[in-house]
Amino acid sequence: MSTTVSSPTGDPYLLTPGPLTTSPTVKQAMLHDYGSRDNTFIDINAHMLERLLAIVDGEDSHVSVPLQGSGTFVVEAMMGNFVPADGKVLILVNGAYGHRIAKICDYYRREYIIQESAEDVPVDTDALDQTLGNDPKISHVVMVYCETTSGILNPIEKISEVVARHQRGLLIDAMSAFGALPLSVKNIEFDAVVASSNKCLEGAPGMGFCIARRSAIEKAKGNSPSLSLDLYDQWQAMMKNKQWRFTPPTHVLLAFDQALNEFEEEGGVEGRGGRYRQNGDLLITGMREMGFKTLLPDELQAPIIITFHMPKNPEFDFNAFYDGLREQGYVIYPGKLTVADSFRMGCIGRLNAEQMQGALGAVRSMLDRFGIDEIINP
Ligand SMILES: *Cc1c(COP(=O)(O)O)cnc(C)c1O
């Protein structure tokens, strides 16, 4: 019989794209009320903004701006701030998050075109090169670093090199990559990158942030069609009086401060990314041993979330599979793909080898429960 396991606070482990499992100490850090003008709180904010810049080596050339809300809020803010009303955007799409950016442009009435590839195919940089060569009106290119829809890694260095050669602005949704995959202003030229408190930085959900080239955000004045999502205005306010414009998510910030301590203790991007890679390798190896098949070949797979083909065995019932894993303490995620019937298992958040082995044991127990000896793949 299987047993139920749980995190130190009694919660199931989240093998999902987010929200994610956080450490007990990150949750503990939220047990305070701070007024927004409290000096301790103001110092925490200033320190956070410096630490975020340091992660991308941007202290001399870039600025960081926080924003209330989930990750999508700051993606939307990036589009509204950096693309002027007469700009034109080329959106590199290979999954749901790329499509969401197109939807944002629809809302904001920003002109755009899409270069789309299938969810299991990375962005084609030759096609990008050609499109930019043919269309001088394109002012900005937007990309998703790791498309969380499938877990695919897009060729960020090559994309950045092509966009810079054509002298256009690059905007990056690095939500599920920031803090775990390499990203430095030293080798990747960008106007803005956005990410959030809760993915690879392992804070509580509730705020996003934008890291922008100083010259790019200086030009963004007056662009934003939205008041609450005006990054330029938020940046100005933070510089003037070190305060957020509207009620700051104080508890989320306390948790984030602790999460950044733990990130630094783990060895920054290298340490964090290393643990996730080890998690991902364990998961992929163990699932393959049971007969599951990954959507992506290993060279395209980011160590963030893994997509598996849904078994074709008639006995395999995904809802029962999901519920059975949940009962044993592991929450997975359904697939959201158009190219294949699939499900996903994340390897980010406060998880390590023990949780990966545990999840694999739970998967095996479900196969036993279904009476499946051999998985039939599509
Ligand atoms: C999680 C995520 C987002 C933001 O999603 P929210 O649900 O709004 O937090 C955006 N882009 C990518 C690539 C993501 O993984």
Side-chain angles (χ1 to χ4, degrees), residues 14-22 66-82 89 91-105 107 114 116-117 119-120 122-123 141-156 159 170-183 188 190 192-211 226 228-229 231 249 252 255-256 259 272-273 276 280 295-296 300-307 331-337 342 344-349:
L14 303 175
L15 282 70
T16 69
L20 300 165
T21 300
T22 56
L67 189 71
Q68 298 93 333
S70 87
T72 305
F73 289 57
V74 76
V75 175
E76 181 165 333
M78 172 172 74
M79 299 309 296
N81 276 263
F82 294 95
V89 187
I91 310 172
L92 305 172
V93 177
N94 54 355
Y97 291 102
H99 282 298
R100 188 177 293 174
I101 293 171
K103 203 167 182 179
I104 290 168
C105 290
Y107 269 72
I114 284 176
E116 185 167 5
S117 47
E119 290 146 336
D120 51 357
V123 167
V141 176
V142 198
M143 68 166 295
V144 181
Y145 189 171
C146 166
E147 227 323 334
T148 325
T149 311
S150 64
I152 196 170
L153 201 50
N154 279 314
I156 190 166
I159 293 171
L170 179 63
L171 307 176
I172 304 171
D173 171 353
M175 207 67 60
S176 60
F178 195 94
L181 299 177
L183 178 57
I188 294 171
F190 59 81
V193 162
V194 290
S196 76
S197 53
N198 177 245
K199 290 201 175 170
C200 303
L201 293 175
E202 300 187 358
M207 62 162 280
F209 55 87
C210 174
I211 295 177
S226 159
S228 54
L229 302 184
L231 290 170
V252 174
F256 199 33
R272 180 68 41 101
Y276 290 171
L295 174 82
L296 298 171
L300 298 180
Q301 177 71 61
I304 304 294
I305 191 162
I306 325 291
T307 302
V331 177
I332 64 164
Y333 220 65
K336 232 203 290 186
L337 295 185
S342 62
R344 290 178 283 175
M345 295 175 82
C347 55
I348 59 178

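We use all heavy atoms of the structure for the numbers below, so side chains are in, but hydrogens, waters and symmetry mates are not. First listed ligand is number 1; within each ligand, the first listed atom is number 1.
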Under 3.5 Å donor-acceptor, Thr149 side chain and Ala96 backbone: yes

Polar side-chain atom of Ser197 near backbone of Ala204 as donor-acceptor pair, under 3.5 Å: yes

Using a 4.0 Å cutoff against the non-hydrogen atoms of [X], which atoms of ligand 1 qualify?
{"X": "Thr148", "answer": "12 (C), 13 (C), 14 (C), 15 (O)"}
{"X": "Ser176", "answer": "15 (O)"}
{"X": "Gly71", "answer": "4 (C), 6 (P), 8 (O), 9 (O)"}
{"X": "Thr72", "answer": "4 (C), 5 (O), 6 (P), 8 (O)"}

Protein contact to atom 11 (N) of ligand 1 [nearest heavy atom, distance to 0.1 Å]: Asp173 OD2, 2.7 Å

Residue pair Pro122 / Ile152, side-chain heavy-atom distance below 4.5 Å: yes

Sub-4.5 Å side-chain heavy-atom contact between Cys200 and Ile304: yes

Value rounded to 0.5 Å, distance of CG in Leu295 from CD in Glu119: 8.0 Å

Val144 contact mode with ligand 1 (heavy-atom cut-off under 4.0 Å): side chain

Lys199 touching ligand 1 at heavy-atom level, < 4.0 angstrom: yes

From CA spacing to verdict: side-chain contact (heavy atoms from CB on, under 4.5 Å), Lys336, Arg344: CA-CA 9 Å; Lys336 232 203 290 186; Arg344 290 178 283 175; 3.8 Å; yes

